[in-house]
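Naming convention: chains lettered A, B, ... in sequence-line order (proteins, then strands); numbering from 1 in each chain. Please read these numbers as outputs of a predicted model, since none were measured by experiment.
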Protein chains: 2
Amino acid sequence: MPANTGAEARIKLNRERVLTTAIRLADENGIERLTMRKLGEELGVEAMSLYNHVANKTDLLNGMIDTVFEEVELPSHSDSWKTALRKRSLSLREMLKRHTWANGLMDSAATPGAATLRHHDRVIGTFRNAGFSLAMTAHALAVLDSYVYGFAKQDQALPFDTEEEAAAMGQVFLAHLLPDQYPYLHEFTTGHVLQPGYSFGKEFVPGLDLVLDALEQERDAEVKVTGEARAG
Amino acid sequence: MPANTGAEARIKLNRERVLTTAIRLADENGIERLTMRKLGEELGVEAMSLYNHVANKTDLLNGMIDTVFEEVELPSHSDSWKTALRKRSLSLREMLKRHTWANGLMDSAATPGAATLRHHDRVIGTFRNAGFSLAMTAHALAVLDSYVYGFAKQDQALPFDTEEEAAAMGQVFLAHLLPDQYPYLHEFTTGHVLQPGYSFGKEFVPGLDLVLDALEQERDAEVKVTGEARAG
DNA sequence: TCGTCAGACTTACAGTGTAAACTTACGTTG
DNA sequence: CAACGTAAGTTTACACTGTAAGTCTGACGA
């Protein structure tokens, strides 16, 4: 006779449930508040039970990263390389906005998971199929991803989210410090950042297009030099 | 008569000594190993004594960030905006290489210090004096710094530093995983990353020039539209 | 000589990740 | 059905973290 008579069978723990719950907690409370004990509690389980499904906390974090990478739209084969990578970059940025902790975690996460590898494979493939040489692909990849991750990082570093918060922040900031010690910063803040409608995030698309256009120019130049056919 | 007869007077603690020692420890052992107790020990002092000079650990980290920012070359007035910002970007990257922990810390460090403010003031001033509008300055700033910080971040995320390490790493990596599951990644790794002379860091300058050239093009276009004089 | 006080030290506490040992429930096998 | 192995949970314990609160010390001014 089982001991837990009448008790509803507890939902079984598994790696996926651990990971998705961890992601939710990190989204809600920030990664620094995600502890093994809190995560266990949320799952109705003691902290140590989690170690049946993750090797240690770093493994948990790695798993979280790979899981959120699955949310990123892969570059489509049917689009041109530029729109394909434009879409996936926008999608990547949205993911990084949803999971603000992910960007900071990717340094320490040395070993990429399956979703991450697939993602990179497809991005590289997109460049290659568009006629980018290996060297040019490396170059393009470095520039594009540096921009996307760097932008996300800067966006998160800003201590305000809404326009109103920015305004309030800016007022305090200005009153305290700048007037003539930092004249350009002063002008920039009052004349631009504090203007209605400002949002750092709006700079993402223009910057992305700048990068993509520049890469296209370089590729065309390379193709021309290499002597490949060029429609015209 | 003093009790510590004959004892060499202990060098007095002060904020600067605390900060520079903390920076050295973080450089040597990584930021995650920098604890108040270790820092105290290094300074010949108990952990709690540090709190006479820093408000708490976050204040310590903020102070470290602002201190290393002083190492970054400010854009020079005598150079053209492009070379001025090129130099400061290279200098910024070198700083981020020396202090690998700095990049990751800048998210949490909400309140910028004096050196950081001065830095941004000068960068903004460089754009403004080169005829960039406020909006264009915001755009340029976002793109340029996203690139620099993003590149540094990616460089640090790579789990190898030297070419030999990369090769060793790549071999294991390839043997284990890729062959036909990730064909493009496979080709890219064997055909480029594992080639002699490869180093991710070498992509920095080409990418930086791509960004700067593209910004120059956009500025010229803007100036033309605005109807300002253009030397010809 | 005393009082003041800054800057150091001591102690203590709640919280962290996780090793090691345990308990329990269930499926397989004799 | 009994015995056992195993997977998945719990309990306990430990070393280490940041830091609050209280104490000690030595130099200096009155």
Side-chain angles (χ1 to χ4, degrees), chain A residues 1-23 25-26 28-65 101 104-105 108-111, chain B residues 1-23 25-26 28-65 101 104-105 108-111:
Chain A
M1 206 160 298
N4 66 343
T5 9
E8 66 286 50
R10 184 162 35 205
I11 313 163
K12 261 210 145 190
L13 219 54
N14 56 43
R15 190 166 221 266
E16 194 194 330
R17 236 160 64 76
V18 170
L19 290 181
T20 57
T21 307
I23 289 170
L25 284 187
E28 289 171 3
N29 314 324
I31 192 77
E32 72 286 346
R33 278 193 170 69
L34 176 70
T35 72
M36 299 305 272
R37 285 173 174 81
K38 287 246 185 67
L39 178 53
E41 192 180 348
E42 189 78 12
L43 286 160
V45 130
E46 295 301 314
M48 290 311 290
S49 304
L50 302 170
Y51 286 88
N52 288 312
H53 303 97
V54 296
N56 46 44
K57 189 159 188 190
T58 341
D59 181 41
L60 171 74
L61 299 175
N62 281 350
M64 290 169 67
I65 295 249
W101 43 269
L105 236 60
S108 36
T111 41
Chain B
M1 206 159 295
N4 64 344
T5 10
E8 64 285 52
R10 182 161 38 203
I11 312 163
K12 260 210 145 188
L13 220 52
N14 56 40
R15 189 166 222 267
E16 194 195 329
R17 236 160 64 78
V18 170
L19 290 181
T20 56
T21 307
I23 289 170
L25 283 186
E28 289 171 2
N29 314 324
I31 193 77
E32 71 286 345
R33 277 190 168 73
L34 176 70
T35 73
M36 299 304 272
R37 285 174 175 81
K38 287 245 184 68
L39 177 53
E41 193 180 348
E42 188 78 12
L43 287 158
V45 131
E46 295 301 312
M48 291 310 289
S49 304
L50 302 170
Y51 287 88
N52 289 310
H53 303 97
V54 296
N56 46 44
K57 188 157 189 192
T58 346
D59 180 41
L60 172 73
L61 299 176
N62 282 348
M64 290 168 68
I65 294 251
W101 44 269
L105 236 58
S108 37
T111 42

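Side-chain proximity of A:H53 to C:dT10, C:dA8, D:dG9: nearest is D:dG9.
In this model, no side-chain donor or acceptor of B:N52 finds a partner on the base of C:dA6 within 3.5 Å.
Between A:R17 atom CZ and D:dG9 atom C1' the separation is 13 Å, expressed in whole Å. B:R15 has its CZ atom 17 Å from the C1' atom of C:dA6, to the nearest Å. The separation between A:L60 atom CG and C:dT16 atom P is 14 Å, rounded to whole Å. Atom CG in B:L50 sits roughly 9 Å away from atom P in C:dA8 (whole-Å rounding). The nearest whole Å value for the distance from the CG atom in A:L39 to the C1' atom in C:dT16 is 14 Å. Nucleotide C:dT10 holds its P atom 14 Å from the CD atom of B:E41, rounded to whole Å. Taking atom CD of A:E46 as the reference point, atom C1' of C:dT23 lies 13 Å away to the nearest angstrom. Atom CG in B:L43 sits roughly 14 Å away from atom C1' in C:dG7 (whole-Å rounding).
With contacts defined as side-chain heavy-atom distances shorter than 4.5 Å, the pair B:N29/B:L34 does not qualify. Between A:R15 and A:D59 the shortest side-chain heavy-atom distance falls below 4.5 Å. A 4.5 Å side-chain heavy-atom check between A:L61 and A:M64 finds at least one atom pair inside the cut-off. Contact annotation: the side chain of B:N52 never approaches that of B:L13 to less than 4.5 Å [non-hydrogen atoms, C-beta and beyond]. Considering only heavy atoms from C-beta on, A:V54 comes within 4.5 Å of A:M36 through its side chain. Between B:L60 and B:L50, the closest side-chain pair of non-hydrogen atoms is not below 4.5 Å.
Phosphate contact (OP1/OP2 of D:dT10, side-chain N/O of A:S49, threshold under 4.0 Å): present.
The shortest non-hydrogen separation linking B:W101 to B:I65 is CZ3-N, 4.5 Å.
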What is the per-nucleotide protein-contact pattern of nucleotides 13-23 of chain D, from the 5' end, where B denotes a base atom under 4.0 Å from a protein heavy atom, S denotes such proximity for sugar-phosphate atoms only, and - denotes neither? B---BBBBB--
